[in-house]
Structures are given as structure tokens and as C-alpha cells.
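Read through the structure below, which is laid out as C-alpha cells, and then see the notes.
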Amino acid sequence: MPELPEVETIRRDIEPYIKGRAIKAVGAIRAKNVLKGIKAKRLEKALKGQRIERVERRGKYLIFKLASGNCLIIHLGMTGKILKKPDRFVKVTFHLSNGKSFYFSDIRMFGKVSFSKTYPVLNLGPEPLADDFTANRLKEMLKGRGGNLKALLLNQKFLAGVGNIYASEALFLAGINPKRRAGSLKFAEVKKLHKSLREVLLAGIKYRGTSVSDYRDASGRIGGYQHRLKVYDREGRFCKKCRSKIRRIVIGQRSTFFCPHCQS
DNA sequence: ACCTAAACCTGGGCGC
DNA sequence: TGCGCCCAGGTTTAGG
């Protein structure tokens, strides 16, 4: 489910709700599959009494920074949610010192909850919305890459936070065919792609994420960007620019949507 | 480096 | 109603 804009929306929802509060207790229900590198008992022991200083996002990861320097790390996978009110798929419950709680819920259990004594090393590419991600930097990153461009945009070690929806949308906005070789882009195209990536991610945040199926914010509400998608999930429908039919192809086992006319 | 397939899971939608 | 497919915002691993 959640790509950079969805994770950022959740981060902004949850930080003021939990900031400065201590974790009083941790509950785990059928959570074995979502706890990575730590068992429920040890996680509770490690977190108990710790004050949450801030919530950061790196790529698609949420990093809950604790006053001790320890970190709670959550990746939402495909269907993971952070909720202020529980639903029937809650796997881990975090009870806070003020009597409130927040919940990690996940139907498919591709999400992961982990703990680190220090700030985690996540091995991710640059943050697309950071100032140091420039068109020139993207040009250098693409140089000599022989693989498929759209597949590369989904590679978190290449660029952090872009997922299947925003990759298709950015390529449409840039007018670039998803089947292109990554290293074949001319600088004018690199500049367009750079701008488009930032534009679609910022718009995704502005409209509080894309709910084509499971995504919900921390209050359980749907996002708004699904109404603004230009190509994703629009196979067979008319391109909003040129009225051609949007096509769906598969690249690297993932659905990829594009306009064959605007992205020739 | 790069590609493919499969695996991890559950639930919803659709055709029959 | 029900069964059997197919699909899904992600990541990892194995093998070629």
C-alpha cells in the first residue's frame, strides 16, 4: 500500500498524537510474522518506559526516535496501517503514558516492526524530496544503468520512497515511456523526470495519499489522490491529455500503466 | 549488473 | 451461494 506520500501522511498524523509520551506497555496478537529480529516479550521489555521524542520517515520506513537513542522501526508493507483506534487486524498495540494507544494493523502481514538500539542503517537511496536530490544528481545516478527505468524507480536502494503508483504517475507526467532503459535518458528527460517525481510525491502528500484499496490514514480515513491519478489503475480509460486508451503492461512482475501516445 | 520467478500472507472481486 | 481464479501501494531471495 503505502509509498512515500502515504507514510508521510501517517507520520504527520501520528507524531503530535504520541510525541513526548512514554510507552507504558506493548501488546502483540499473532504478531510473529511482523516482528523482525525480535520477539514480542523482548520488544515490550525494550520499549517499556521509553519516551517517544519524534517520528521520522526515511523512504517508506517510520522511525520512532526514543529519548534514549533507541528506535522503533515500522515498515507498512502492502496493507500495514498505523491507527489511533484499533481495527480487527491489529497485530501490535502500543499503550502510552497518557492513557491513549496507537496500533499497528496489517491484513497481509508483509509489514515489519523492529527495534534498534541506535539509529537504523536502512541502505536506501536518496530522499526524492530532499534538497540534495537534484536533477544533476539523478543524472549521475542514472549514468551507465542498463536496466529498465520503471523497475529502477521502484528499487529503494536507488531512490527511497517511490512505489508502483507514483512511479507510473511520474513517468506519465514526464512523458517518458516506462520501458525505456534507465541510462538512455537525455538530460532534458532527466530534468523532466526529476521535476515530475517531486511533483507527484508532493501532490500525494497534499491530498493525503492514494486509497485505491487498503490505504488509510491514522484516523482510518481514505486519502484523496486516487481521484487525481492520470494513469495508475486506469487501464482502457481515456488519457486525460490526448484521449488515447491507457495501457497496462507488466514490468518486473508489477502492473505498469501508461499512455502509449503521451509516453511514446 | 540485470532479469525472472517465487515466496511471504489475506481478502476482495469476478466469472461460472 | 460457492468455488476457483486473479489481483493487490512491498521486499527478499534464489537462480540464470
Side-chain angles (χ1 to χ4, degrees), chain A residues 1-11 29-37 57-62 73-82 87-91 104-114 120 122-125 128 141-172 178-184 197 200-201 203-205 207-217 221-236 248-257:
Chain A
M1 74 172 299
E3 308 181 27
L4 187 156
E6 289 74 32
V7 178
E8 180 62 23
T9 300
I10 290 170
R11 189 197 72 74
I29 317 149
R30 285 177 296 246
K32 211 178 128 235
N33 287 339
V34 300
L35 297 181
K36 188 182 160 198
R57 179 194 56 74
R58 177 79 175 94
K60 300 172 191 171
Y61 289 86
L62 286 169
I73 302 128
I74 299 183
H75 190 291
L76 299 173
M78 290 276 257
T79 53
K81 298 171 188 173
I82 301 291
D87 67 6
R88 59 200 260 258
F89 303 109
V90 166
K91 298 291 178 278
F104 171 73
S105 163
D106 195 354
I107 295 176
R108 290 175 72 181
M109 295 187 284
F110 289 171
K112 291 287 169 277
V113 176
S114 62
L122 296 170
N123 194 18
L124 298 170
M141 287 161 62
L142 289 166
K143 196 185 274 180
R145 301 293 298 233
N148 172 271
L149 174 62
K150 193 261 186 170
L152 188 61
L153 292 176
L154 297 186
N155 180 348
Q156 301 299 297
K157 292 188 185 74
F158 178 78
L159 186 63
V162 176
N164 209 29
I165 293 177
Y166 296 96
S168 277
E169 292 297 308
L171 287 168
F172 172 79
K179 286 178 284 193
R180 289 282 294 278
R181 301 287 101 191
S184 76
L197 281 165
V200 296
L201 294 171
I205 294 170
Y207 291 100
R208 300 187 53 80
T210 305
S211 296
V212 291
S213 60
D214 298 275
Y215 169 70
R216 297 295 183 273
D217 69 18
R221 289 192 288 253
I222 62 169
Y225 200 63
Q226 62 279 10
H227 304 303
R228 301 187 134 75
L229 296 172
K230 303 283 201 298
V231 287
Y232 185 85
D233 206 25
R234 299 193 68 243
E235 183 183 17
R248 172 187 176 272
I249 58 174
V250 175
I251 294 175
Q253 294 181 298
R254 311 298 304 278
S255 282
T256 301
F257 300 88

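When reading the values below, keep in mind they use all heavy atoms of this one structure, side chains included, and skip hydrogens, waters and symmetry mates. Convention: sequence-line order gives letters A, B, ...; per-chain numbering from 1. A quick note: this is a predicted structure, and the numbers were derived from the prediction, not measured.
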Item to check | Under the ring-ring contact (aromatic ring centres under 6.0 Å, His included) test, residues paired with A/Tyr225 that sit two or more places apart | outcome: A/Tyr166
Next on the checklist: From CD1 of A/Ile249 over to P of B/dT4, roughly how many Å is that when rounded to an integer?
Outcome noted: 12 Å
Next on the checklist: I'd like to know if the side chain of A/Gln253 and the backbone of A/Val250 have a donor-acceptor N/O pair within less than 3.5 Å.
Outcome noted: no
Checklist entry - Under the salt bridge (Lys or Arg N to Asp or Glu O under 4.0 Å) test, which residues partner A/Arg234, sequence neighbours left out? => result none
Next on the checklist: Within the 4.0 Å limit for protein heavy atoms, which parts of nucleotides 6-11 of chain B are touched? Write it as a string from 5' to 3', B for base, S for sugar-phosphate only, - for none.
Outcome noted: B-BBBS
Item to check | Interatomic distance, A/Lys81 NZ vs C/dA8 C1' [rounded to whole Å] | outcome: 13 Å
Checklist entry - What residues, two or more places apart in sequence or in another chain, satisfy side chain to side chain contact (heavy atoms under 4.5 Å, CB included) together with A/Arg58? => result A/Ile63, A/Leu122, A/Leu124, A/Glu127, A/Ala160
Next on the checklist: Among C/dG10, B/dC3, C/dT11, which nucleotide has an atom closest to any side-chain atom of A/Arg181?
Outcome noted: B/dC3
Checklist outcome for this item: Rounded to whole Å, the CD1-P distance (A/Ile251 to B/dC2) equals 15 Å
Checklist entry - Mind checking what makes salt bridge (Lys or Arg N to Asp or Glu O under 4.0 Å) contact with A/Lys179, not counting sequence neighbours? => result none
Next on the checklist: Without decimals, in angstroms, what is the distance between A/Leu159 CG and C/dG10 P?
Outcome noted: 13 Å
Checklist outcome for this item: For A/Asp87, the side chain to side chain contact (heavy atoms under 4.5 Å, CB included) test, sequence neighbours excluded, returns A/Lys81, A/Leu83, A/Phe89, A/Val90, A/Ser105
Item to check | Span that lies between the C1' atom of C/dG10 and that of B/dA1, in whole angstrom | outcome: 22 Å
Next on the checklist: Can you measure A/Leu76 atom CG to C/dT11 atom P for me and round it to whole angstrom units?
Outcome noted: 10 Å
Please tabulate, for the side chains in residues 145-159 of chain A, all donor-acceptor contacts under 3.5 angstrom to protein atoms that are two or more places apart in sequence or on a different chain.
{"unit_1": "A/Asn148", "atom_1": "OD1", "unit_2": "A/Lys150", "atom_2": "N", "d": "2.9"}
{"unit_1": "A/Asn148", "atom_1": "OD1", "unit_2": "A/Ala151", "atom_2": "N", "d": "2.8"}
{"unit_1": "A/Asn148", "atom_1": "ND2", "unit_2": "A/Pro178", "atom_2": "O", "d": "3.0"}
{"unit_1": "A/Lys150", "atom_1": "NZ", "unit_2": "A/Asn164", "atom_2": "OD1", "d": "2.5"}
{"unit_1": "A/Lys150", "atom_1": "NZ", "unit_2": "A/Ser255", "atom_2": "O", "d": "3.3"}
{"unit_1": "A/Lys150", "atom_1": "NZ", "unit_2": "A/Thr256", "atom_2": "OG1", "d": "2.9"}
{"unit_1": "A/Asn155", "atom_1": "OD1", "unit_2": "A/Lys157", "atom_2": "N", "d": "2.9"}
{"unit_1": "A/Gln156", "atom_1": "OE1", "unit_2": "A/Gly161", "atom_2": "N", "d": "2.8"}
{"unit_1": "A/Gln156", "atom_1": "NE2", "unit_2": "A/Leu154", "atom_2": "O", "d": "3.1"}
{"unit_1": "A/Gln156", "atom_1": "NE2", "unit_2": "A/Val162", "atom_2": "O", "d": "2.9"}

Checklist entry - So what does the secondary structure string of DNA chain B come out as, 5' to 3', with Watson-Crick or wobble pairs under 3.5 angstrom, [ ] for crossing and | for pairs with another strand? => result .|||||||.|||||||
Next on the checklist: Using the side-chain hydrogen bond (donor to acceptor under 3.5 Å, both in side chains) criterion, which residues pair with A/Lys36? Sequence neighbours excluded.
Outcome noted: none
Checklist entry - Looking only at atom C1', what distance separates C/dC3 and B/dC8, rounded to whole Å? => result 25 Å
Measure all distances between protein nitrogen or oxygen atoms and nitrogen or oxygen atoms of nucleotides 3-7 of chain C, and list the pairs falling under 3.5 Å.
none

Checklist entry - Rounded to the nearest Å, what distance is computed from the NZ atom of residue A/Lys179 to the P atom of nucleotide B/dC3? => result 14 Å
Checklist entry - Closest to the A/Asn148 side chain: B/dC3, B/dC2, C/dG10? => result B/dC3
Checklist entry - Is there a side-chain polar atom (N or O) of A/Lys112 under 4.0 Å from OP1 or OP2 of C/dG10? => result no
Checklist entry - How far apart are the closest heavy atoms of A/Pro2 and A/Leu76, and which atoms are they? => result CG-CB, 3.3 Å
Next on the checklist: Looking only at the side chains, is there a donor atom on one of A/Thr79 and A/Asp106 sitting less than 3.5 Å from an acceptor on the other?
Outcome noted: yes
Item to check | Atom-to-atom span, CZ of A/Arg254 to C1' of B/dT4 - whole angstrom | outcome: 15 Å
Item to check | Length of the CG-C1' vector between A/Leu124 and C/dT12, whole Å | outcome: 14 Å
Next on the checklist: Test of understanding: with side-chain hydrogen bond (donor to acceptor under 3.5 Å, both in side chains), list the residues that count as partners of A/Arg108, not counting sequence neighbours.
Outcome noted: none
Checklist entry - Are A/His75 and C/dG10 close enough that a side-chain N or O sits under 4.0 Å from OP1 or OP2? => result no
Item to check | Residue list, salt bridge (Lys or Arg N to Asp or Glu O under 4.0 Å) with A/Arg181, at least two apart or on another chain | outcome: none
